Amino acid sequence: MFRFRKKQKNKNTVQEFISIETFTKRGLKTKYGELVYFQISPTNISVLSNENIQTKIWHLMQVLSAYPNIEITCLDSCERFDDNKTFMVDRRNEENNPSVKDCLSKDIDYLDNIQIEMSTARQFMFSVRFKKEKDEQIFSQINKVEKAIAEQGFEVKRMKKEDIKRFLAIYFGASMQGELIPDIDGGDCIEEELKKAVA
């Protein structure tokens, strides 16, 4: 007699997959510790001399020497149009009608221009991970890291919950307005149902 085993479904959520547990008053709590984020304003190095670029690199090295455990993330703070552009190029190559072909070429040029304008729209995040430190130690360390970054000439801001939500939404390609995404999926529906039940 044959017995069929039921496949055990993987019940991990996306949240568990990326190891994020919840927001904290300072940043994000993950399976591997608490992450505190600092946003660094980018510098347009295309207008700097070689000497100034070398100085900027040296300043960054000073920060990383003082805090070698800092993690760095860089991402576009804007949408990318690569897939759309590829589709339009393929579509133009297949098109026989010269008028439609011309329209597609203009659309491709338009997307190119938008990407050139947005190419400098980068976001840089430094993050510091805390594992078993006490609140006072974390507070002290956060202030020291922020001060060390600022002293090296970087414009730095500790990221709040809304900033982190926006960063995560851009990173995972979910939305350009991540700060508007609710903390709990469907939480607003539950609140409406509770209001109806009370009324």
Side-chain angles (χ1 to χ4, degrees), residues 13-80 82 114-184:
T13 63
V14 173
Q15 186 176 339
E16 290 168 334
F17 178 69
I18 58 178
S19 303
I20 293 173
E21 293 178 5
T22 187
F23 288 100
T24 66
K25 60 185 176 184
R26 294 173 292 256
L28 277 179
K29 184 181 178 190
T30 73
K31 191 162 62 174
Y32 307 105
E34 183 179 359
L35 284 169
V36 176
Y37 289 93
F38 301 90
Q39 186 171 348
I40 311 299
S41 296
T43 303
N44 185 0
I45 61 170
S46 63
V47 297
L48 296 180
S49 65
N50 284 338
E51 292 78 17
N52 285 335
I53 292 171
Q54 291 297 323
T55 303
K56 280 283 179 194
I57 293 169
W58 188 80
H59 287 159
L60 179 59
M61 286 170 58
Q62 293 303 311
V63 174
L64 297 178
S65 297
Y67 298 96
N69 293 330
I70 282 180
E71 300 169 33
I72 302 174
T73 305
C74 172
L75 70 156
D76 289 334
S77 61
C78 61
E79 294 179 83
R80 64 179 188 85
D82 296 349
I114 290 175
Q115 281 202 301
I116 289 166
E117 286 173 21
M118 293 180 164
S119 63
T120 55
R122 301 278 187 264
Q123 287 187 4
F124 296 92
M125 267 70 65
F126 288 4
S127 58
V128 181
R129 191 180 300 271
F130 298 98
K131 293 183 180 174
K132 295 178 181 176
E133 293 85 350
K134 294 179 180 174
D135 275 2
E136 309 84 57
Q137 292 173 307
I138 293 173
F139 180 76
S140 172
Q141 187 76 354
I142 288 170
N143 289 334
K144 285 179 183 174
V145 170
E146 190 169 1
K147 186 180 176 191
I149 296 169
E151 282 176 348
Q152 293 302 328
F154 296 101
E155 195 177 319
V156 59
K157 177 186 95 165
R158 189 152 65 89
M159 294 173 71
K160 296 178 181 174
K161 183 179 177 179
E162 292 74 24
D163 302 317
I164 295 169
K165 284 173 76 172
R166 194 179 308 116
F167 151 63
L168 289 173
I170 294 169
Y171 186 81
F172 290 108
S175 169
M176 293 305 294
Q177 297 175 325
E179 67 276 14
L180 303 178
I181 297 173
D183 292 357
I184 300 168

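Every value quoted in this text rests on a predicted model; they were computed, and no experiment measured them. Numbering starts at 1 and runs along the sequence shown.
Across all non-hydrogen atoms, the minimal contact from I164 to G27 is CD1-CA, 3.7 Å. Nearest approach of L28 to T24, heavy atoms of both residues: N-OG1, 4.0 Å.
Side chains of T30 and L35 form a contact here, defined as non-hydrogen atoms less than 4.5 Å apart. For the pair H59/F154, a side-chain contact is recorded, criterion being any heavy-atom separation below 4.5 Å from C-beta on. Two residues are said to be in side-chain contact when any heavy atoms from C-beta on lie closer than 4.5 Å; F126 and T73 fail this criterion.
Taken to the nearest 0.5 Å, the CG atom of N69 stands 10.5 Å off from the OG atom of S127. Atoms CD and CD, from Q39 and E155 in turn, are 9.5 Å apart once rounded to the nearest 0.5 Å.
The environment of K29 atom NZ is sparse: at most 12 non-hydrogen atoms of other residues, nucleotides or ligands sit within 6.0 angstrom.
Judged as a side-chain contact (heavy atoms from CB on, under 4.5 Å), and not counting sequence neighbours, the contacts of Y67 are I70, Q141, K144, V145, A148. Applying the salt bridge (Lys or Arg N to Asp or Glu O under 4.0 Å) test to K157 and every residue at least two apart in sequence or in another chain returns D163. Partners of S65 under the side-chain contact (heavy atoms from CB on, under 4.5 Å) rule, at least two apart in sequence or in another chain, do not exist in this structure. Scanning for side chain to side chain donor-acceptor pair (under 3.5 Å) contacts around E71 gives R129, with sequence neighbours left out. Looking at residues two or more places apart in sequence or on another chain, you find a side-chain contact (heavy atoms from CB on, under 4.5 Å) between N143 and F139.
Sequence neighbours left out, the pairs with a member in residues 27-47 that pass ring pair (Phe, Tyr, Trp, His ring centres under 6.0 Å) are Y37-F167.
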Report the C-alpha separation of I40 and M125 in whole Å, then their side-chain angles, then the decisive distance to 0.1 Å, and conclude whether the side-chain contact (heavy atoms from CB on, under 4.5 Å) test is met. CA-CA 6 Å; I40 311 299; M125 267 70 65; over 6 Å; no
List the steps and the verdict of side-chain contact (heavy atoms from CB on, under 4.5 Å) for Q54 and W58. CA-CA 6 Å; Q54 291 297 323; W58 188 80; over 6 Å; no
Please determine whether side-chain contact (heavy atoms from CB on, under 4.5 Å) holds for the pair I20 and L168, giving the CA-CA distance in whole Å, both sets of side-chain angles, and the decisive distance to 0.1 Å. CA-CA 11 Å; I20 293 173; L168 289 173; 4.2 Å; yes
Should V36 and F130 be marked as a side-chain contact (heavy atoms from CB on, under 4.5 Å) after you check the CA-CA gap, both sets of side-chain angles, and the distance that decides it? CA-CA 8 Å; V36 176; F130 298 98; 3.7 Å; yes
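Between R26 and E34 there is a salt bridge, since at least one side-chain N of the basic residue sits less than 4.0 Å from a carboxylate O of the acidic one.
Under a 3.5 Å cut-off, the side chain of Q152 and the backbone N or O of I149 do not form any donor-acceptor pair. Between the side chain of E133 and the backbone N or O of K131 there is at least one donor-acceptor pair closer than 3.5 Å.
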